[in-house]
2 protein chains.
Amino acid sequence: MQLHPAVLMFIAHRHAEGRILDALHAAGFDLTLSQARLAARIGPDGTRATELAEQAQLTKQSAGSLVEALEVGGYVERVPDPSDARARLVRLAEHGKRAQQVARREERAIVREWEAHLGARRFADLVESLGRLREIVDPYQ
Amino acid sequence: MQLHPAVLMFIAHRHAEGRILDALHAAGFDLTLSQARLAARIGPDGTRATELAEQAQLTKQSAGSLVEALEVGGYVERVPDPSDARARLVRLAEHGKRAQQVARREERAIVREWEAHLGARRFADLVESLGRLREIVDPYQ
DNA sequence: CCATTATAGTCAGGGAAGCTTACCAAGCAA
DNA sequence: TTGCTTGGTAAGCTTCCCTGACTATAATGG
């Protein structure tokens, strides 16, 4: 069966995502997949919930409830946005930063494996092609 | 921000999947995303619900309830499996085959767009790399 | 042939995700 | 000031997908 390239991407992405979530669980971080996906979009200086919602293609209510769950779990904290009294910035708390380190480590391991399997040249080419594809496929550029 | 290759794949896949689902909706097929994903795995001669569950990485209960929804919608029919009295084969019904045609058409349009953007050579290379990656990333070969 | 185990599937119940509709409060612009 | 936009919350619902328990058929090993 000849699979569509998008399905091949889905398979690889699902594998990587599963690996990262497993690593987080193994390290004792009890994040759900949706929580982890949202948390991954939080910028170093904090991000507004509305912005997280847009990027993740969720309603702000959905994003809001995920942020709340992350806050209860100690992964993030919400602080007032100095530039807009209506808004609050969602920032990684210490617990969240430790989880991020675990995730980053697993991400790097995955990259090494893919690179070893494909060869450095072909892997670099793959990344380059995916980056170019993003131009026509990602509404957030 | 330098995104992980798996995230780039996620973005492209989400785009393609959204396009296909939108095309189905525009053509009057009221499938949910999960239903469509499962239906996409049904083979030309029918597939057992348990097998669909395995491939989609769902429990058989979850797959079963999606199949039931697809049956209610007229997309699939369940027929006895001649080779095993416990099992039933899930097959695309006429309505499902028409939906499949819409999905296939959109899939081909996406391939053409990606190929046009990347160039035939680079696109072929991308597909080749994704296929090789599948060897280490797909538990179903 | 019978006892055991594996496989295909269902039923019941529940939690998480994410939607719609409706709302409030702060900023912004006429 | 009036009204529009924007950041966020509240309530209620559907869909998805899980666990646990169960039935029925199939396959296997004495």
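By convention in this document, chain letters (A, B, ...) are assigned in the order of the sequence lines, proteins followed by strands, and residues within each chain are numbered from 1.
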Output one line per pair: protein atom, nucleotide atom from nucleotides 12-16 of chain D, and distance, for all N/O pairs under 3.5 Å.
residue, atom, partner, partner atom, Å
D:dC16, OP1, B:Thr32, OG1, 2.3

Using whole Å, report how far [atom1] of [X] lies from [atom2] of [N].
X	N	atom1	atom2	value
A:Arg48	C:dA25	CZ	C1'	14 Å
A:Lys60	C:dA22	NZ	P	14 Å
A:Arg86	D:dT9	CZ	C1'	15 Å
A:Gln57	C:dC19	CD	P	10 Å
B:Gln55	C:dA8	CD	C1'	16 Å
B:Leu52	D:dC17	CG	P	13 Å
B:Asp84	D:dT25	CG	P	11 Å
B:His25	C:dC19	NE2	P	13 Å

If we ignore hydrogens and angles and just use 3.5 Å, is the side chain of A:His15 paired with the main-chain N or O of B:Asp138 as donor and acceptor? no

Side-chain donor/acceptor of A:Ser129 to backbone N/O of A:Asp125, under 3.5 Å: yes

Rounded to the nearest 0.5 Å, what separates atom CD1 in A:Ile20 from atom NE2 in B:His4? 5.5 Å

Do B:Val137 and B:Met9 sit in the same hydrophobic cluster, where Ile, Leu, Val, Met, Phe, Trp and Tyr count as joined when their side-chain heavy atoms come under 4.5 Å apart? yes

Are OP1 or OP2 of C:dG18 and a side-chain N or O of A:Thr59 less than 4.0 angstrom apart? no

Below 4.0 Å: OP1/OP2 of D:dA24 and any side-chain N or O of B:Arg88: no

Considering only Ile, Leu, Val, Met, Phe, Trp and Tyr, and joining two whenever side-chain heavy atoms are under 4.5 Å apart, list the other residues clustered with A:Val72. none

Using a heavy-atom cut-off of under 4.0 Å over every strand shown, decide if A:Arg37 touches base, sugar-phosphate, or nothing. nothing

Note: for A:Ser62 and B:Gln61 on DNA chain C, the residue whose nearest nucleotide lies more 5' is B:Gln61

Is the closest basic N to carboxylate O distance between B:Lys60 and B:Glu54 below 4.0 Å? no

Using a strict cut-off of less than 4.0 Å between a Lys/Arg side-chain nitrogen and an Asp/Glu carboxylate oxygen, indicate whether A:Glu113 and A:Arg19 qualify as a salt bridge. yes

Return the nearest nucleotide to the side chain of B:Ala49; candidates are D:dA26, C:dG9, D:dG8. C:dG9

N/O donor-acceptor pair, side chain B:Glu68 with base C:dG9, under 3.5 angstrom: no

